[in-house]
Amino acid sequence: MYHAQTQLTELYKNHRYQDVLAERRLSIKANDKNRVTACNKELQTIQKTFGMTEYALHAYIGRMREAYKKHIDSFTAQKIASTVWTSVSSLLYGKGKKVRFKKFGQLESLEGKSNATGMRFKGDRLEWNGLILPVTMRANDLFVQESLSLHRVKYCRIVRKAFKGGNQYFLQLVLEGIPPVKRNNNTGMPRRQPAPNAEVGIDIGTSTVAVAGDDGVILKELFPEGASYDHAIHLLQRKLDRSRRATNPANFTVDGTVKQGVKLTWVRSKNYMKIRFRLKDLYRRRAVALKEAHNKTANAILALGNQVYVEAMDFRALMKRAKETTVNKNGRFNRKKRYGKSIGYHAPAMLITIVKQKAPQEGGALYEVDTFKFRASQYNHVNDTYIKKTRDERTTFVAGQLVQRDLYSAFLLKNSQPTRNETDRTKCSATFDTFMAHHDTCIQTLCQSTGRQSCNFGLRDFQLA
């Protein structure tokens, strides 16, 4: 990564590169596609002269590997270079802002390029650079047995995960083809029925999801169980900080901040390392629970239909701080924080990604509608009008009936036209009564629930009505 960062710095210093970048921006504004294509080709030529290609990084790491060739093979080294190139390419061609180093001890996985050389899985063991590592698999795992019997192993990956007692190592196999349906270990039958060929609309928020289908609706908070994990993580982080301050008092100033401008040596006690592994274990368990919860939600969505419609959301933009400084009615400055913490806790983009992966396996697909043209949160299909609402308005009136705003948006998305630029009013009118029956049942269940419900549902309006 240091080599890539050095070459990037030299690339940005190149005057011709900067001139072509400026010319490309002007060509994009002028909609001159031919000139944009010419600029792209010249930029790639300049990047190649500075070694900013994936194969150039492969060649560089091949030379660096000579000192460690007893421990790492060439294909695994090339995969590391490919990971570096992913970061560099996101900076050159995507939305990346800077390349970041992995600190010592942060490299958590290594993988090969094929199962024929380097890392090789054979039967019940992993062979790598003269090492023969036995692999333990669950004896009654039908999914693993069926996967290995039907699909070819393309390459292997070694993953390190932190547990309370220390690190443990796992082997991940990347197989060719579509994964088999997961089955019940006791009966051998599929865990759930295939998804019906029907339309489903999803209105995804930063912490909630609303789903509307022909046979039912879903309104739920994303991963509410995460609150208990976050509280435990907060306590361990505080405990870890106290331990670090107790063993390194000379590294802090009088006001408690870390000293700047000098090289510091940090002492890590045995108790500190125990707490650190407990914290890592908690992060790992939270990530596993989050993914499991999203998989269950995705299965519930696909149980309503395999043709899924959702608004194209840019969650990265929602995570950024606001640029403008505003003042509220009391004369105080409004906070510039937006939805970064909420998105980080609930991972709504992960849910959409899982649904996008699962839908083709059910014979369907996930379709993204144009958010700015569709405007599902503003539309009323009865009077064919668009009314902009504030974030605090969680309910709306449609045909004289009080409707939960997110569920109604999901209903409009479900009835999207093939162009996916607007909803189909005819389909909305034909299915609105059925939707309202499912809607009222869902809202009544949430109102009668004794558990904590998200304030974004607007249940108070239904209780007062």
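What's counted below: heavy atoms across the whole structure, side chains too, no hydrogens, waters or symmetry copies.
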Less than 4.5 Å apart, any side-chain heavy atom of [X] and any of [Y]?
X    : Y    : value
K280 : R284 : no
Q404 : F462 : yes
L236 : L240 : no
L171 : M119 : no
L92  : L8   : yes

With distance as the sole criterion, is a donor-acceptor pair present between the side chains of [X] and [Y] under 3.5 Å?
X    : Y    : answer
T208 : N456 : no
D255 : T253 : yes
T53  : H58  : no

Output a table of donor-acceptor pairs, distance under 3.5 Å, between side-chain atoms of residues 15-27 and any protein atom two or more places apart or on a different chain; print 'none' if there are none.
from : atom 1 : to  : atom 2 : distance (Å)
R16  : NE     : E42 : OE2    : 2.7
R16  : NH2    : E42 : OE1    : 3.2
R16  : NH2    : E42 : OE2    : 2.8
Y17  : OH     : Q47 : NE2    : 3.3
Q18  : NE2    : Y12 : O      : 2.8
E23  : OE1    : R35 : NH2    : 3.3
E23  : OE2    : R35 : NE     : 2.4
E23  : OE2    : R35 : NH2    : 2.4
R24  : NE     : N40 : OD1    : 2.6
S27  : OG     : E23 : O      : 2.9

Just jot down the ring pair (Phe, Tyr, Trp, His ring centres under 6.0 Å) partners of [X], sequence neighbours excluded, or say none.
X    : value
Y93  : none
Y367 : Y309
Y169 : none

message: Quick test of your reading: applying ring pair (Phe, Tyr, Trp, His ring centres under 6.0 Å), list the pairs with at least one residue in residues 253-279, sequence neighbours left out, ordered by first then second residue.
response: F252-W266
Qualifying residue, where the test is side-chain contact (heavy atoms from CB on, under 4.5 Å) with R286 and the options are L282, L290, V288: L290
Under 3.5 Å donor-acceptor pairs involving side-chain atoms of residues 310-317, not counting sequence neighbours:
from : atom 1 : to   : atom 2 : distance (Å)
D314 : OD1    : R316 : N      : 3.4
D314 : OD1    : A317 : N      : 3.4

message: Checking R238 against D241 for the salt bridge (Lys or Arg N to Asp or Glu O under 4.0 Å) test, could you report, in this order, the C-alpha distance in whole Å, the side-chain angles of both residues, the deciding distance, and whether it holds?
response: CA-CA 5 Å; R238 201 166 61 178; D241 184 64; over 6 Å; no
Would you please name every residue forming a side chain to side chain donor-acceptor pair (under 3.5 Å) with [X], sequence neighbours left out?
X    : result
Q260 : none
R138 : D141
R452 : E221
Y339 : R391

Residue pairs, two or more places apart or on separate chains, that pass side-chain hydrogen bond (donor to acceptor under 3.5 Å, both in side chains) and touch residues 368-378: none
- line: Residues pairing under side-chain hydrogen bond (donor to acceptor under 3.5 Å, both in side chains) where one sits in residues 123-135, two or more places apart or in two chains, turn out to be D73-W128, R125-E127
query: Are the side chain of H346 and the backbone of P224 linked by a donor-acceptor contact shorter than 3.5 Å?
result: no
Check: S87 side chain, T83 main-chain N or O, donor-acceptor pair, under 3.5 Å: no
Lys/Arg N to Asp/Glu carboxylate O, R278 vs D281, below 4.0 Å: no
field: NZ/K113: more than 12 non-hydrogen atoms of other groups inside 6.0 Å
entry: yes
